[in-house]
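These numbers come from the heavy atoms of this one structure, side chains and all, not from hydrogens, waters or symmetry mates. What you see is a predicted model, and the numbers here were worked out from it, not measured in a lab.
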Amino acid sequence: MAVLKIAKLGNPVLRQVAKPVDLNDLTGSTVQTFIDDMIETMHHEGGVGLAAPQVNRSIQIVVLEYAENERYPDEVSIPLTVLVNPVLSDYSQEIKEGWESCLSLVDFRGLVPRSTTVTLNAYDREGNKIQKTVSDFEAVVLQHELDHLKGYVFLDRMKDLTQLSYQEEFEEFWLKKEDTASS
Ligand code: NI
């Protein structure tokens, strides 16, 4: 396994629409090794999620994992999840704003409105179908990661860029007990 280089804002790969994965390729070692590398990279960087374009591959794969953490006692943990060709639908009308960050935007945090519930359709790394409705923190992480597959970053989803902050200033001026996510 290997830690992959993170593509940062300004790299055109982050603005491309990622291509679907041919499910037949999941039986090959190339894609499986890449998925293992994505997981290792997410762990190494301390992210809650990682999308393939963030490691310079414009294909529709996302990994996420969140272990319960005393810093965010209100968040429910997310088991290690690999999503191939994921699609979201049934976005709830109910919207909640939460602070997000992104490995591709390094030090920024911004307040982003997201639906509180979404339905996920995807495949796992073996090509089995996944369908489930997710809410709250996991729904936010999914919306953030799937945006990467469409060429969007969280800045594009902010309503008010005056709520964009560097991490240090975020901690000094903005941090309350708000939801945070690095992905
Ligand atoms: Ni991100």
Side-chain angles (χ1 to χ4, degrees), residues 1-66 78 80-89 91 98-115 118 120-127 130 134 138-159 161 163-167 170 180-183:
M1 296 208 287
V3 173
L4 305 170
K5 184 175 160 60
I6 301 287
K8 306 274 171 58
L9 190 67
N11 186 325
V13 73
L14 292 174
R15 295 313 202 165
Q16 292 166 8
V17 177
K19 291 193 178 65
V21 174
D22 182 339
L23 295 181
N24 294 318
D25 292 345
L26 293 175
T27 55
S29 64
T30 309
V31 174
Q32 293 297 329
T33 301
F34 176 66
I35 290 169
D36 288 336
D37 290 347
M38 282 185 71
I39 293 167
E40 187 173 359
T41 305
M42 172 175 69
H43 289 161
H44 181 261
E45 301 288 343
V48 174
L50 186 72
Q54 292 185 276
V55 287
N56 294 285
R57 290 284 300 279
S58 191
I59 57 175
Q60 293 181 16
I61 298 177
V62 162
V63 296
L64 43 147
E65 181 177 39
Y66 179 70
I78 304 170
L80 178 61
T81 305
V82 176
L83 300 175
V84 178
N85 300 344
V87 177
L88 295 179
S89 59
Y91 292 84
W99 287 92
E100 295 184 21
S101 61
C102 180
L103 298 175
S104 296
L105 275 66
V106 194
D107 196 34
F108 280 122
R109 277 185 183 267
L111 198 56
V112 185
R114 302 283 190 187
S115 290
V118 289
L120 168 70
N121 277 278
Y123 296 90
D124 67 16
R125 65 187 297 172
E126 277 90 41
I130 299 170
V134 296
E138 188 172 359
V140 170
V141 174
L142 279 174
Q143 288 168 82
H144 178 119
E145 296 310 329
L146 268 70
D147 267 356
H148 280 302
L149 304 182
K150 296 177 241 170
Y152 292 109
V153 296
F154 78 75
L155 291 181
D156 307 321
R157 301 303 192 195
M158 291 179 67
K159 277 194 305 202
L161 285 174
Q163 291 166 320
L164 183 65
S165 178
Y166 288 111
Q167 177 66 27
F170 167 77
T180 56
S182 179
S183 38

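With hydrogens and angles disregarded, a donor-acceptor distance shorter than 3.5 Å links the side chain of Gln143 to the backbone of Ala139. Between the side chain of Ser104 and the backbone N or O of Gln54, no donor-acceptor pair lies under 3.5 Å. Not one N or O on the side chain of Gln167 forms a donor-acceptor pair closer than 3.5 Å with the backbone of Asp107. The backbone N or O of Ala2 sits less than 3.5 Å from a side-chain atom of Asp37, completing a donor-acceptor pair. Using modelled atom types, no side-chain atom of Arg109 and backbone atom of Ser101 make a donor-acceptor pair closer than 3.5 Å. At distances below 3.5 Å, at least one donor-acceptor pair connects side-chain atoms of Asn85 with backbone N or O atoms of Val21.
The CD atom of Gln16 lies 12.5 Å from the CD1 atom of Ile59; values are rounded to the nearest 0.5 Å. Considering NZ of Lys8 and SG of Cys102, their distance stands at 10.5 Å, rounded to 0.5 Å. With rounding to the nearest 0.5 angstrom, the CG atom of Leu88 is 6.0 Å from the CG atom of Leu142. Between the CG atom in Leu50 and the CG atom in Leu4 there is a gap of 8.0 Å [rounded to 0.5 Å].
Two residues are said to be in side-chain contact when any heavy atoms from C-beta on lie closer than 4.5 Å; His43 and Val63 fail this criterion. With contacts defined as side-chain heavy-atom distances shorter than 4.5 Å, the pair Gln32/Leu26 qualifies. Contact of the Leu64 side chain with the Leu83 side chain is registered, since non-hydrogen atoms from C-beta on lie closer than 4.5 Å. Considering only heavy atoms from C-beta on, Met38 stays 4.5 Å or farther from Val62 through its side chain. In this structure, the side chains of Ile61 and Val31 come closer than 4.5 Å at one or more pairs of heavy atoms. When side chains are defined from C-beta on, Asp147 counts as touching Arg114, because their heavy atoms get closer than 4.5 Å. Side-chain contact between Thr30 and Asp25 is absent, with no heavy-atom pair separated by less than 4.5 Å. Here the side chains of Phe154 and Leu105 are in contact, with some heavy-atom distance below 4.5 Å.
Salt-bridge formation is not detected for the pair Glu100/Arg157: no Lys NZ or Arg NE/NH1/NH2 atom is positioned less than 4.0 Å from an Asp or Glu carboxylate oxygen.
Across every non-hydrogen atom of Asn56 and Ala7, the tightest pair is OD1-CB, 3.7 Å. Here the closest heavy-atom approach between residue Leu103 and residue Gly49 is recorded as CD1-O, 4.4 Å. Shortest non-hydrogen contact noted between Pro113 and Lys159 is CG-CG, 4.1 Å. Val153 and His148 get closest at one heavy-atom pair: CG1-CE1, 4.1 Å. For the residue pair Ala18 and Pro53, the shortest heavy atom distance occurs at CB-CG, 4.2 Å.
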Output, in order, the C-alpha distance, side-chain angles, deciding distance and verdict of salt bridge (charged side-chain N to carboxylate O under 4.0 Å, His left out) for Asp156 and Lys150.
-> CA-CA 12 Å; Asp156 307 321; Lys150 296 177 241 170; over 6 Å; no
Apply side chain to side chain contact (heavy atoms under 4.5 Å, CB included) to the pair Met1 and Thr41, showing each step before the final yes or no.
-> CA-CA 9 Å; Met1 296 208 287; Thr41 305; over 6 Å; no
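For residues 52-66, there are no salt bridge (charged side-chain N to carboxylate O under 4.0 Å, His left out) pairs, not counting sequence neighbours.
Taking Phe34 as the reference, nothing meets the ring pair (Phe, Tyr, Trp, His ring centres under 6.0 Å) condition, with sequence neighbours excluded.
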